[in-house]
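Structure first, commentary second.
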Amino acid sequence: CLGAVVNKVTQNYKFVWACFNRYYGALSKLKNQHQEDPNSTVLTANKPALLRSLFTVGALCRHFDFDQEDFKGNSKVNIKDKVLELLMYFTKHSDEEVQTKAIIGLGFAFIQHPSLMFEQEVKTLYNSILSDKNCSVNLKIQVLKNLQTYLQEEDTRMQQADRDWKKVAKQEDLKEMGDISSGMSSSIMQLYLKQVLEAFFHNQSSVRHFALNVIALTLNQGLIHPVQCVPYLIAMGTDPEPSMRNKADQQLVEIDKKYAGFIHMKAVAGMKMSYQVQQAINTCPKDPVRGFRHDESSSALCSHLYSMIRGNRQHRRAFLISLLNLFDDTAKTEVNMLLYIADNLACFPYQTQEEPLFIMHHIDITLSVSGSNLLQSFKESMVKDKKKERKPSSEAETESDSNSGSGSESEEEASKPRRLRKRVDSDSDSDEENDINAVMKCLPENSAPLIEFANVSQGILLLLMLKQHLKNLCGFSDSKIQKYSPSESAKVYDKAINRKTGVHFHPKQTLDFLRSDMANSKITEEVKRSIVKQYLDFKLLMEHLDPDEEEEDGEVSASTNARNKAITSLLGGGSPKNNAAETEDDESDGEDRGGGTSGVRRR
């Protein structure tokens, strides 16, 4: 009120100057007392006066420029620097309430003199508060509020300037007009942008809320290049609070309208970042982070991102392949992130058959490469045992075969020994126990390779689960998946998906692995046995990965049954969901047998 009355009506600057001096003088005195004796009782008694003075000095500086002659007369003292120095002193105070009021005061002063935000000590103060994990939430929020108020004031100022300009636009020369203020706010926001964006990874929703407001204002005023914010906005689109999700999604839609392709370019980085946000929000560290909403919709957390990309076939495919590549054994992605991405892939809002079929097609490719590498590295870690080499079990025979088959030979050559192995394996169900014992004897003393196998195999297990889930969700038969080719025209697979209800993605093995923290726990005999059993099931699955449809009926059913048995065993067969998967498989076997050789020819 005082600002409006004095600036627009009375111009009684002396009165304001006297008022300012009273508060400024009180503050200087309190500062000197604090310097002499920080624990003085006088300070405690004067705390209300101190808090009020910090606030009022800042508020007066926001509405009046005391460096003008109207106020300080001929004095050479630089008032704004003096105020800055005084307020900065109290930001280092031990009492958080005093620090907060000092930061509020600074925020007011910066509205009148934005250039102060370039001062090194201010940059250090703001950035350290925003980036320090242990810093108080109130201080973080206050710094973000200061930036928000500055941007809002700047916006109002620019709109006013715009209205004034329209009045005199006819007489003015554009060349002489420099838009200094927007250049200033742009430079300021670039100074603090990274720290504001990093505030998205805070477990308190109020901090995320103000950070998002600041970013939205910055983008709406066009102060920064939007591409650097895209991954962070994608991450904020997974926030548990609907209002924040909608605001972030809205910003992405705006960016997509103006700059086509930006969203797709940063989509994978955004997915990874959304996992970090979910990790920060996760209140129970023992529980793995999941990638879908825990409500009746069970929609993917990143479903809005997918719906923005899915319209462009090329972008969609590139995005899906990049996500599936994270499951590759060479990508070394942490297991919980893989679970998060698999959850999203399981729950994305697919609309045409082409989308899940494309994913399943690429899962098969990844499985055949990563799976072979995984088995190979496990075998290499085993200690050669003479007894084992004489043993005529399937384990011994298949080892030499698969070694010859997993080199760089062509698919045809590698598939010859695979067929021989099928016959051996189909007879040797009873030898499973012997196989486990045989492998147990060859385990190295050091259990690191076992842990490594258990860790790396999670990615492959998740892909297997994902394929089974999509197959059940969309009701695809094996032959339909076999016949799919990504190069066929889009029209063939443009039919809408018939989603089954009540099909949920529940990768039990991976959840158990993460909950038991197996990667860091001590290995017992029991754990060793379960990993070895997983290895043998896995080996069997790799041998029967693609049904060879050109053989006689009996052979194919043995092969397909072996494959289904291995999958069921690997995926923790007892659960009703997996039994559903099995019956689906059995139904589709008939189709497989009569399905011609199109799958083989393509391969």
Side-chain angles (χ1 to χ4, degrees), residues 58 61-62 80 84 87-88 91 103-132 135 139-162 178-202 206-237 244 247-248 250-259 262-263 266 269-270 273 277:
C61 286
R62 171 178 178 172
K80 70 169 192 276
L84 178 68
L87 291 173
M88 282 302 290
T91 60
I103 290 173
I104 292 176
L106 282 172
F108 286 152
F110 296 159
I111 289 170
Q112 179 71 255
H113 305 288
S115 58
L116 292 176
M117 282 195 258
F118 294 116
E119 294 289 331
Q120 190 52 51
E121 53 181 340
V122 176
K123 279 196 294 197
T124 311
L125 173 75
Y126 269 23
N127 286 340
S128 64
I129 288 177
L130 288 175
S131 54
D132 180 6
C135 185
L139 295 181
K140 278 187 198 291
I141 289 177
Q142 196 47 59
V143 168
L144 290 167
K145 273 186 182 169
N146 281 1
L147 290 170
Q148 179 183 320
T149 316
Y150 163 69
L151 289 171
Q152 285 164 338
E153 286 288 317
E154 207 45 47
D155 198 32
T156 315
R157 204 180 295 180
M158 281 158 84
Q159 285 174 2
Q160 185 55 46
D162 205 35
D179 187 4
I180 296 149
S181 67
S182 81
M184 170 86 79
S185 46
S186 175
S187 312
I188 288 169
M189 280 325 294
Q190 288 183 19
L191 271 186
Y192 299 109
L193 181 70
K194 184 153 183 11
Q195 280 72 15
V196 174
L197 288 169
E198 293 292 328
F200 282 177
F201 304 125
H202 200 281
S206 45
V207 176
R208 301 197 300 274
H209 171 79
F210 284 107
L212 184 57
N213 281 355
V214 172
I215 295 301
L217 282 164
T218 310
L219 287 170
N220 292 341
Q221 291 178 32
L223 302 179
I224 51 165
H225 197 294
V227 77
Q228 50 204 328
C229 295
V230 170
Y232 291 91
L233 289 168
I234 292 171
M236 278 306 280
M244 312 238 274
K247 189 163 192 168
Q250 190 52 47
Q251 294 295 327
L252 285 173
V253 171
E254 292 297 321
I255 292 173
D256 197 39
K257 273 186 207 159
K258 289 181 196 156
Y259 310 90
F262 269 13
I263 309 295
K266 294 287 184 186
M273 219 168 254
V277 167

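In this text, all values refer to a predicted model and were calculated from it rather than measured experimentally.
- Under the rule for a salt bridge (charged side-chain N to carboxylate O under 4.0 Å, His left out), Lys145 has no partner lying at least two apart in sequence or in another chain.
- Residues Phe118 and Ile188 have side chains in contact (heavy-atom distance under 4.5 Å, counting atoms from C-beta outward).
- In terms of heavy-atom proximity, Cys61 sits nearest to Gln112 at O-CB, 3.1 Å.
- Residues that satisfy the salt bridge (charged side-chain N to carboxylate O under 4.0 Å, His left out) test with Glu119, not counting sequence neighbours, are absent from this structure.
- Taking both residues in full, the closest heavy atoms of Lys80 and Ser115 are given as CE-OG, 4.5 Å, listed atom of the first, atom of the second, then distance.
- The ring-ring contact (aromatic ring centres under 6.0 Å, His included) check on Phe108 picks up Phe55, with sequence neighbours excluded.
- With a 4.5 Å cut-off on side-chain heavy atoms, Tyr126 and Leu191 do not count as touching.
- In this structure Glu121 satisfies the salt bridge (charged side-chain N to carboxylate O under 4.0 Å, His left out) test with no other residue, sequence neighbours excluded.
- Using a 4.5 Å heavy-atom cutoff, the side chains of Lys247 and Met244 are not in contact.
- Listed by chain and number, the residues in a side chain to side chain donor-acceptor pair (under 3.5 Å) with Glu254 are Gln250 (sequence neighbours excluded).
- Screening residues 216-226 for salt bridge (charged side-chain N to carboxylate O under 4.0 Å, His left out) gives no qualifying pairs among residues at least two apart or on separate chains.
- Residues passing the side chain to side chain contact (heavy atoms under 4.5 Å, CB included) test with Ile234, sequence neighbours excluded: Val230, Leu252, Leu305.
- Side-chain contact between Leu106 and Leu125: present, with at least one pair of heavy atoms (C-beta onward) separated by less than 4.5 Å.
- For the atom pair CD of Gln251 and CG of Asp256, the computed distance is 13.0 Å after rounding to the nearest 0.5 Å.
- Contacts classified as salt bridge (charged side-chain N to carboxylate O under 4.0 Å, His left out) and involving residues 183-201 (residues at least two apart or in different chains) are given here: Lys194-Glu198.
- In this structure, Tyr232 and Phe201 have tilted ring planes: the angle between them lies in the 30° to 60° band.
- Evaluation of the side chain to side chain donor-acceptor pair (under 3.5 Å) rule for Tyr192 yields no partner, not counting sequence neighbours.
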Counting only pairs under 3.5 Å, give me each side-chain donor-acceptor contact of residues 214-228, with atom names and distances, residues two or more places apart or in other chains.
from   : atom 1 : to     : atom 2 : distance (Å)
Thr218 : OG1    : Val214 : O      : 2.6
Asn220 : ND2    : Ala216 : O      : 3.2
Gln221 : NE2    : Leu151 : O      : 3.0
His225 : ND1    : Val227 : N      : 3.2
Gln228 : NE2    : His225 : O      : 3.1

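- The side chain to side chain donor-acceptor pair (under 3.5 Å) test applied to Lys140 returns no partner, not counting sequence neighbours.
- One distance of note links CG of Leu147 with CG of Leu130; it measures 7.0 Å at 0.5 Å rounding.
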| Yes or no on side chain to side chain contact (heavy atoms under 4.5 Å, CB included) for Gln142 and Asn146, after CA distance, side-chain angles and deciding distance? | CA-CA 6 Å; Gln142 196 47 59; Asn146 281 1; 3.2 Å; yes
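- Scanning both residues, Ala199 and Leu144, for their nearest heavy atoms gives CB-CD1, 4.5 Å.
- Rounding to the nearest 0.5 angstrom, the gap separating the CG atom in Asn127 from the CG atom in Asp132 is 12.0 Å.
- Counting heavy atoms from C-beta on, the side chains of Val277 and Met273 never come closer than 4.5 Å.
- Every side chain to side chain donor-acceptor pair (under 3.5 Å) that Thr124 has, sequence neighbours left out, goes to Gln120.
- Counting all heavy atoms, side chain and backbone alike, Glu153 lies closest to Arg62 at OE2-NH2, 2.7 Å.
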| task | May I have the step-by-step check of side chain to side chain contact (heavy atoms under 4.5 Å, CB included) for Leu233 and Ile255, ending in yes or no? | result | CA-CA 10 Å; Leu233 289 168; Ile255 292 173; 3.8 Å; yes
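- Closest approach of Ala211 and Val196 over heavy atoms only: CB-O, 3.6 Å.
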| field | Verdict with reasoning, Ile141 to His202, per side chain to side chain contact (heavy atoms under 4.5 Å, CB included) | value | CA-CA 11 Å; Ile141 289 177; His202 200 281; over 6 Å; no
